[in-house]
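Just so it is clear, the structure is predicted and the values come from calculations on it, not from any experiment. Because only heavy atoms are used, hydrogens play no part in the values below, and waters and symmetry mates are left out as well, while side chains stay in. Within every chain, numbering begins at 1; the chains are lettered A, B, ... in the order of the sequence lines, protein sequences first and strands thereafter.
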Amino acid sequence: MNKDIFLTNSIGYKKEKFVPIDKNKVGMYVCGPTVYDDPHIGNARPLVVFDILYKVLKCKYGVKAVTYVRNITDVDDKIIQSSIDKKISIEELTKKITKNYHNDCDYLKCEKPNEEPKATEHILLMIEMAKILIKKGFAYENKNHVYFEVKKFKDYGKLSNKNLDELIAGSRVEISENKKNPEDFVLWKPSMEYEPSWDSPWGKGRPGWHLECSVMSKKYLGVKFDIHGGGRDLIFPHHENEIAQSRCANDTDVFANYWVHNGFITISNEKMAKSQGNILKINDFKKSISGQVLRLALISTHYKQPLDWNDNLINECKKILNKWYECYVQVKKKVLIPESILGPLYDDLNTPGYIANIHKLYDKAHNGTVKDKEVFTTACNFIGLLTDSKDQWLKFKKEQSDISEQEILHKIKERDKARKNKNYKLSDKIRDELLNKGVLIEDKDGKTTWKFK
RNA sequence: GGCAUCGUGGCGGAAUGGUUACGCAGAGGAUUGCAAAUCCUUCUAUCCCAGUUCGAUUCUGGGCGAUGCCUCCA
C-alpha cells in the first residue's frame, strides 16, 4: 500500500509521518522481558502491539526489509532476588522463565522477531561501551563502579520532559557516596560472591540495567535506527538513559528516530501490582480462554490509551470471535485487503478503527460470496486473528466442557422425543441442563443442532 | 511539588472545524411450540465556563475531575 505510516512519537508526543532512515530498510527495537517471573497480561500488551506494528511495516516495506529486534534481559537485580526467593539457580530460573515466555508468545499468536538477543551474551560489548564512555569523559569509575555522568549530556530529559534541576530537587534519586552527582546512573557494578559476575577492567561485576539495550540495538540495527518501542513506564529512566549512553558513546545526534510507547493495563480499574495482589499471568488464561480472545481484547483500545481488563471485556471479545468464526473460510490464494480497510492501521496503529472495518467486512461476507469471506478472513489474519481454523476453534471450546458428545446427542434425542409429544416442559428442562454445561441448542429448519457456547 | 495523558451515548471505544463510527447491551420485527442462533429496523453522546469561527465534541484559555510517571515495573 502506498499510503504513509504515521506514528505517535513520544518525543514531543505528536503524530508524525514515518520516514525510515533507509527507504528500503526498517529497524525496530522493542524492550523485551526481564526473565525473573512469568509474563503477565501487562507484558502481553507490547508483545501484541508491536507484533502488529511489525506486520504493518512488513506490509508497506516488504517482509525482508524489516528487522525486528526484541531482547531478553537475563541479568538483573530482580533475577538475583527471584532466584533467592524461589531457591533455584539463576540459570535454571532464566531458562525456565524464557521458555514460559516463548510459550506465551505462541499462545498470543505473536510472530518471532528477527533477532532475540540476550544480555548475558553481550557482556563484552557492554564493557566496551562503558570503556568508550569513560574515555570520552561521559563516565567515571569509582570503587569498582562505573557511572554515567548525566550532566555531561546536554539533551538529557528530552524524551521524558524532565530537567535535571527538578530531578535533583525531587531528591528521590538514589544517593550514593560513590556518585559524583545523585542523578548519575550505573554502567557497571561489582557483584557479591553469589551473584553473577564477569571480569572487567573495574573488577568482577555486572552491567547496569540500561547498557544492554544500547549495545544490542547497535549490534543489530546500527548506531541510529528507526523505531524503539516499549511500555510507557520505560520512558524514564530506562529509555532516557539508553539515549544518553548511546549518543555519547557513538557520537550521534540521534539514537532512535521514533519512540513508540504503549499504555498500561489496569485490572477492574485498579493498578496491576504485586502489592495489590492482582497480577494476572498470561499462563493462567491458557486453560480457559483462547489466545485469540486475549489478543482481540488487547487491541480493542488504541495502544497509547490505558486499557482496563475485566470480565465484560473478555466476554465481549469471545462473542465477537464466535460470530466471526461463522464467516471463517480457509484462504488458499493470496487475497488483497482493500486500502480503505487497512487505512486505520497505517494511521498510528488504530486497531479499534481496523476492528470496526472488520465488522463491516463481516456484514458483507455473511450473506456474500466466498471471495467476500476470503477478504474478511484475510483481514482478520492480518492482525493475527482467526489464525486457528474453525475446527481448532471449536475443539478448544469442546475441551472446556466436561460433557461428551455422546451424552449431548443422547440428551438431544430425549428432547426431540419430548417435543414430539409436546412435552415442552421436559424439553425445555433438557435444553437448560445442556446450556448449563455450555452446550447451546439450536432448532433450525426442523433440525436440532448444537454447539459449545 | 514537578512533568505528562485523558474526560464521547447504559458499557467499551474510534473519528472529526459543519455530514452514520463500530461493537456489546436495550427496544421492535422476521423466525420459533417457546427459545436460541441468525437476519432486518431502531433509541441514547461528545465534563463545565469563556474565546476564535458563519459554525466546535474537535482549535485556544480557564475550571473541575480521573489516571500515569518522577523509585523496580510492560
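Exactly one of A:R295, A:K112, A:K109 qualifies for a salt bridge (charged side-chain N to carboxylate O under 4.0 Å, His left out) with A:D51. That residue is A:R295.
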Across nucleotides 29-37 of chain B, 5' to 3', mark each nucleotide with B, S or - according to how protein heavy atoms within less than 4.0 Å reach it. ----BBBBS
Spell out protein contact along nucleotides 6-19 of chain B as letters: B when the base is contacted, S when just the sugar-phosphate is, - when no protein heavy atom is under 4.0 Å; keep the 5' to 3' order. -----S-SSS----
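A heavy-atom distance below 4.0 Å to RNA chain B is reached by these residues of residues 361-383 of chain A, ordered by number: A:Y362, A:H366.
If you check every strand for non-hydrogen atoms under 4.0 Å, A:G231 touches sugar and phosphate atoms only. Using a 4.0 Å heavy-atom cutoff across all strands shown, A:L435 reaches no nucleic acid atom at all.
Projected onto RNA chain B by closest heavy-atom contact, A:P33 and A:K319 fall at different nucleotides, the more 5' of which corresponds to A:K319. When each of A:I320 and A:G32 is assigned the nucleotide of RNA chain B with its nearest heavy atom, A:I320 is the one assigned upstream, toward the 5' end.
Classification of A:D428 and A:R431 as a salt-bridged pair holds, one side-chain N sitting under 4.0 Å from a carboxylate O.
The gap from the P atom of B:G62 to that of B:C72 amounts to 33 Å, rounded to the nearest Å.
Remark: A:F148 pairs with A:F185 by the ring pair (Phe, Tyr, Trp, His ring centres under 6.0 Å) rule, at least two apart or across chains. Checked against side chain to side chain donor-acceptor pair (under 3.5 Å), A:E195 has the following partners two or more places apart in sequence or in another chain: A:R206.
Checking B:G23, B:G2, B:C73 against the side-chain heavy atoms of A:K271 singles out B:C73 as nearest.
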Which nucleotides of RNA chain B pair, in dot-bracket form (Watson-Crick or G-U under 3.5 Å, | meaning another strand): (((((((..(((.....[...))).(((((.......)))))....(((((..]....))))))))))))....
